[in-house]
There are 2 protein chains.
Amino acid sequence: MSRAVEIAYVKVREGILSGAFAPGTHLKEAELVEFCGVSRTPIRSALNRLVADDLIEMHRNQGARVKEWPEDDVEDLFALRTLLEGHAAACAAGRISLNELEKIELAIEEMDAVLASRKPLTVKTREFLRLNAVVHASIWQASGSARLQSILTKLVEQALQVRTAATFTLERIAESHHHHKELLRALRAGDSVWAEAIMRSHIRAAQASLARPAD
Amino acid sequence: MSRAVEIAYVKVREGILSGAFAPGTHLKEAELVEFCGVSRTPIRSALNRLVADDLIEMHRNQGARVKEWPEDDVEDLFALRTLLEGHAAACAAGRISLNELEKIELAIEEMDAVLASRKPLTVKTREFLRLNAVVHASIWQASGSARLQSILTKLVEQALQVRTAATFTLERIAESHHHHKELLRALRAGDSVWAEAIMRSHIRAAQASLARPAD
DNA sequence: AGCGTGCAAATTGTATACATTTCTCAACCA
DNA sequence: TGGTTGAGAAATGTATACAATTTGCACGCT
């Protein structure tokens with residue numbers, strides 16, 4: 001992506017994911033021009049990409065709107081994630097390299113450190129989520145399917161819009177952490193069935209914790 | 001999509017899918033301007049959409065190239081299609097409406113007519129493929145997941161680029177036709193397991209016929 | 001001959017002017 | 001009062017001019 005387009009894409013995307021541009025908001029090009037500091041041309045290019053990310057909608061002569069998902073859509077989103085992340089884990093189990101295994105192991109060790117530290121919950125949560133993303137991305141990569149990787153990247157991004165509001169408890173994080181460790185064992189054993197099963201549980205548990213954020 | 005963008009999108013897309021723009025071809029904006037009869041602005045907009053469709057690639061300051069997939073990529077493509085179309089069929093079985101069932105039935109009856117006719121094989125193939133697309137699209141729709149629908153639309157489009165070279169025999173078409181009929185029975189019975197299984201067979205058989213086009 | 005160097009042409013990136021469409025709102029009529 | 005209409009404003013769509021980058025090739029150097 002070229003310079004100005006990238007600026008516009010990142011700034012608008014962050015605005016959407018952070019909630020600064022709420023779902024349903026009409027993104028006027030003139031406003032984005034001053035918000036991003038580039039002209040309309042790269043703005044429009046960036047908007048096209050955001051359409052591809054399913055983060056906004058555009059209709060002829062009516063500009064761009066931040067997409068709003070129906071409440072029951074979370075179910076659909078996680079159903080697909082469960083299916084595809086499970087598939088990715090199964091594929092990965094059969095072909096993951098030692099190098100990639102080590103990367104996941106390292107992330108999990110970092111998680112241990114974060115959880116054992118005396119940082120406040122919000123900081124732990126933020127760092128855990130970052131490492132969580134590393135683990136998942138590694139598995140997608142190890143699955144060997146660039147297509148699967150790009151689809152899952154998009155799905156998770158959409159899930160983020162929902163998740164921002166969710167609260168995380170130590171119990172929830174610990175459960176997720178245990179899933180990761182078990183997943184690592186399954187991958188190291190090259191056991192596709194095991195890897196797929198634990199990954200599916202991992203995603204469903206995440207969905208369940210969204211439904212009842214007080215857990 | 002606005003007028004000029006749509007013209008550009010459709011023309012370039014058809015050029016790619018028909019093979020007029022071979023994989024690897026460098027699509028220069030100036031050439032596309034005269035090819036499409038619109039200015040560079042809508043051309044660029046259309047190119048952005050084609051990137052989202054995974055039909056072209058763009059790199060900074062290097063323009064657009066028609067994407068070329070490695071030979072062994074067909075396997076990955078069909079693995080995902082099998083997984084997702086199977087899932088779509090299973091979802092559809094549980095919630096399809098009489099109206100949608102009828103639409104599929106109608107398409108299948110039209111297929112009967114086409115196959116019974118005395119048209120040449122190439123014509124039969126073309127009409128069969130069109131009706132095949134109708135059946136699949138109906139099931140995606142009936143699955144109730146817009147996301148699944150859009151992902152599968154893209155995957156099939158990519159498969160088309162491969163399939164253009166494939167040859168179709170009457171036996172192959174007849175087999176596919178039988179799959180459709182069985183699928184309809186499974187859907188009508190509301191049997192998710194059955195629907196998913198036959199759909200998975202249907203996709204794998206299509207893949208197998210690609211691998212050995214002489215079948 | 002092989003390999004940099006640098007200029008010119010080609011190509012893409014960005015900004016902006018202009019065209020077209022949609023929206024807003026007030027005036028008007030039934 | 002309620003609805004319709006139309007002019008002006010605002011927003012998007014398109015074309016084009018200009019800037020920045022890359023590419024191709026000739027030239028000169030070792």
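Sequence lines set the chain letters: A, B, ... in the order given, protein chains first and strands last, and positions in each chain run from 1. Only this structure's heavy atoms are used, side chains among them; waters, hydrogens and symmetry mates stay out.
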Tabulated below should be each protein N or O lying under 3.5 Å from an N or O of nucleotides 17-23 of chain C; please produce it.
unit_1	atom_1	unit_2	atom_2	d
C:dT21	O3'	A:Asn61	ND2	3.2

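Every residue was checked against the ring-ring contact (aromatic ring centres under 6.0 Å, His included) condition with A:His87, not counting sequence neighbours, and none meets it. In this view, B:Tyr9 satisfies the ring-ring contact (aromatic ring centres under 6.0 Å, His included) rule with no residue, not counting sequence neighbours. Residues that satisfy the ring-ring contact (aromatic ring centres under 6.0 Å, His included) test with A:His177, not counting sequence neighbours, are absent from this structure. In this view, B:Ser176 satisfies the side-chain hydrogen bond (donor to acceptor under 3.5 Å, both in side chains) rule with no residue, not counting sequence neighbours.
Across all strands shown, B:Ser2 has heavy atoms under 4.0 Å from sugar-phosphate atoms exclusively, and none from any base.
Among residues at least two apart or in separate chains, salt bridge (charged side-chain N to carboxylate O under 4.0 Å, His left out) pairs with a member in residues 90-108 of chain A are A:Glu105-A:Arg188. Pairs of residues two or more places apart, or lying in two chains, that qualify as side-chain hydrogen bond (donor to acceptor under 3.5 Å, both in side chains) and include a residue from residues 32-43 of chain A are A:Glu29-A:Arg40. For residues 134-157 of chain A, every residue pair satisfying the salt bridge (charged side-chain N to carboxylate O under 4.0 Å, His left out) rule, not counting sequence neighbours, is listed here: A:Arg13-A:Glu157, A:Arg147-B:Asp73, A:Arg147-B:Asp76.
Contacts with DNA chain C (heavy atom under 4.0 Å) in residues 45-59 of chain B: none are found. Of the residues in residues 26-39 of chain B, those placing a heavy atom less than 4.0 Å from an atom of DNA chain C are B:His26, B:Leu27, B:Lys28, B:Glu29, in numerical order. For DNA chain D, the neighbouring residues in residues 3-14 of chain B, judged by any heavy atom under 4.0 Å, are B:Arg3, B:Ala4, B:Val5.
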Give every donor-acceptor pair under 3.5 Å between a side-chain atom in residues 120-129 of chain B and any protein atom, sequence neighbours left out.
unit_1	atom_1	unit_2	atom_2	d
B:Lys124	NZ	B:Leu115	O	3.0
B:Lys124	NZ	B:Ser117	O	3.2
B:Thr125	OG1	B:Leu121	O	2.8
B:Glu127	OE1	B:Lys119	NZ	3.2

